[in-house]
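Index from 1, following the sequence.
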Amino acid sequence: MNTFTLHLFAADRTETIENVASFTGEDKSGSFGLLARHERFMTALSFGLARLRRADGRLEYLGFPGGLLYFIGNELRISTRRYLRDTDVARIAHTLSRELLEEEQALTETRRKLHRLEAEMLRRVAQLGRE
């Protein structure tokens with residue numbers, strides 16, 4: 001069976017998984033699959049689960065808050081802020097919805113606060129210019 005290597009890069013860790021037979025993920029256009037010797041491919045992963053099948057038939061699941069996927073030279077590279085990895089789909093789905101969704105909501109709130117702060121700073125700079 002033809003296989004490829006998966007490299008996972010996150011802010012807090014990196015990991016290499018050998019002997020991957022297939023990868024199924026999702027981007028804005030929908031679900032897609034990759035097999036060994038796929039041509040060069042790049043996409044932005046959506047928030048959610050991906051599945052990989054090992055050469056021995058075992059399934060593993062990866063949870064992402066989104067990320068960048070790049071397949072080249074029979075190696076799959078995924079860069080993301082954070083990821084989860086598990087063999088139990090129910091467990092990882094629960095963890096994904098609980099942990100990563102909470103994290104995404106907190107980041108959204110932080111971005112909103114930063115935009116308000118920026119708007120206030122610009123308003124004050126404009127006031128200083130008029131004085």
Side-chain angles (χ1 to χ4, degrees):
M1 172 179 280
N2 292 325
T3 63
F4 59 92
T5 302
L6 169 60
H7 302 279
L8 295 166
F9 303 99
D12 60 346
R13 64 184 168 151
T14 62
E15 194 171 355
T16 298
I17 304 170
E18 301 285 345
N19 299 316
V20 177
S22 67
F23 175 89
T24 305
E26 187 173 335
D27 62 10
K28 263 187 163 179
S29 67
S31 183
F32 64 90
L34 298 171
L35 298 171
R37 299 188 178 138
H38 194 281
E39 64 184 56
R40 185 165 46 176
F41 180 75
M42 181 181 254
T43 192
L45 293 168
S46 300
F47 180 98
L49 289 177
R51 181 182 72 222
L52 61 102
R53 182 176 303 276
R54 306 291 293 268
D56 61 8
R58 288 181 296 143
L59 287 176
E60 292 187 34
Y61 301 91
L62 300 169
F64 302 104
L68 184 63
L69 177 146
Y70 187 43
F71 192 93
I72 187 169
N74 212 37
E75 292 190 349
L76 176 58
R77 293 171 177 87
I78 298 175
S79 296
T80 182
R81 194 172 60 255
R82 185 165 175 233
Y83 69 90
L84 303 170
R85 180 178 170 198
D86 203 327
T87 56
D88 184 309
V89 68
R91 186 171 49 225
I92 196 170
H94 177 71
T95 304
L96 178 69
S97 64
R98 188 183 75 240
E99 289 182 18
L100 293 183
L101 194 54
E102 287 173 5
E103 183 179 301
E104 285 300 303
Q105 290 169 343
L107 283 172
T108 299
E109 178 65 19
T110 300
R111 286 185 193 109
R112 202 181 74 207
K113 287 178 181 178
L114 285 172
H115 286 298
R116 283 198 320 250
L117 178 63
E118 181 182 37
E120 180 63 21
M121 287 174 60
L122 289 173
R123 187 183 67 76
R124 290 185 184 197
V125 166
Q127 278 180 339
L128 287 174
R130 288 184 289 224
E131 293 177 359

When you look at CZ of Arg124, are more than 12 heavy atoms from neighbouring residues, nucleotides or ligands closer to it than 6.0 Å? no
Q) Are Arg13 and Tyr83 in a cation-pi contact, defined as NZ or CZ under 6.0 Å from the six-membered ring centre and within 45° of the axis? A) yes
(Q) So for atom CZ, which belongs to Arg37, do other residues, nucleotides or ligands contribute more than 12 heavy atoms lying within a distance under 6.0 Å? (A) no
dist Leu34:CG -> Leu76:CG (nearest 0.5 Å) comes out at 6.0 Å
- Task: Decide yes or no for Tyr61 and Leu96: does some side-chain heavy atom of the first lie under 4.5 Å from some side-chain heavy atom of the second?
- Result: no
CG of Leu62 to CG of Leu49, rounded to nearest 0.5 Å, is 8.5 Å
Requested in this report: Check the hydrophobic clustering (I, L, V, M, F, W, Y; side-chain heavy atoms under 4.5 Å; chains of links allowed) and say if Phe47 and Ile92 are grouped together.
Outcome: yes
Arg54/Asp56 ion pair, N-O < 4.0 Å
no
| request: Identify whether the distance between the nearest side-chain nitrogen and carboxylate oxygen of Arg77 and Glu75 falls below 4.0 Å. | output: yes
Nearest heavy-atom approach of Arg40 to Tyr70 is CD-OH, 3.2 Å
How are the rings of Phe9 and His7 set relative to one another: parallel (under 30°), tilted (30 to 60°) or perpendicular (over 60°)? parallel
Might you work through the side chain to side chain contact (heavy atoms under 4.5 Å, CB included) test for Arg112 and Thr108, ending with a clear yes or no? CA-CA 6 Å; Arg112 202 181 74 207; Thr108 299; 5.7 Å; no
Correct closest heavy-atom pair for Ala50 and Gly25 would be CB-CA, 4.2 Å
Trace of the side chain to side chain contact (heavy atoms under 4.5 Å, CB included) decision for Leu69 with Thr43 | CA-CA 5 Å; Leu69 177 146; Thr43 192; 4.1 Å; yes
Separation between CZ (Arg51) and CZ (Arg53), nearest 0.5 Å, reads 6.0 Å
Taken to the nearest 0.5 Å, the spacing of Leu52 CG from Asn19 CG works out to 11.5 Å
> Is Phe4 linked to Phe41 within one hydrophobic cluster, defined over Ile, Leu, Val, Met, Phe, Trp and Tyr using a side-chain heavy-atom separation of less than 4.5 Å?
Replying inline: yes
Does some side-chain heavy atom of Glu60 sit less than 4.5 Å from a side-chain heavy atom of Asp86?
no
NE2 of His38 to CG of Asn74, rounded to nearest 0.5 Å, is 11.0 Å
Between Glu109 and the options Arg111, Lys113, Gln105, the side chain to side chain contact (heavy atoms under 4.5 Å, CB included) test singles out Lys113
Taking every heavy atom of Leu6 against every heavy atom of Ile78, the minimum-distance pair comes out as CD1-CD1, 3.8 Å
So CG of Leu8 and OG1 of Thr16: to nearest 0.5 Å the spacing works out to 8.0 Å
Describe, in one word, how the ring planes of Phe23 and Phe32 are oriented to each other, choosing from parallel (under 30°), tilted (30 to 60°) and perpendicular (over 60°). tilted
- How about Val20 and Thr3: do any of their side-chain heavy atoms sit closer than 4.5 Å? no
ask   = For residues Thr5 and Glu18, is any side-chain donor paired with an opposing acceptor at under 3.5 Å?
value = yes
Please say yes or no: joined through hydrophobic side-chain contacts below 4.5 Å, possibly via intermediate residues, are Met42 and Ile72 part of one cluster?
yes
Derivation and outcome, side-chain hydrogen bond (donor to acceptor under 3.5 Å, both in side chains), residues His94 and Arg98:
CA-CA 6 Å; His94 177 71; Arg98 188 183 75 240; 3.2 Å; yes
Margin query: Tell me if a side-chain donor or acceptor on Thr80 pairs with a main-chain N or O of Gly66 at a distance below 3.5 Å.
Written below: yes
What one should report as the nearest heavy-atom pair of Ala21 and Leu35 is O-CD2, 3.6 Å
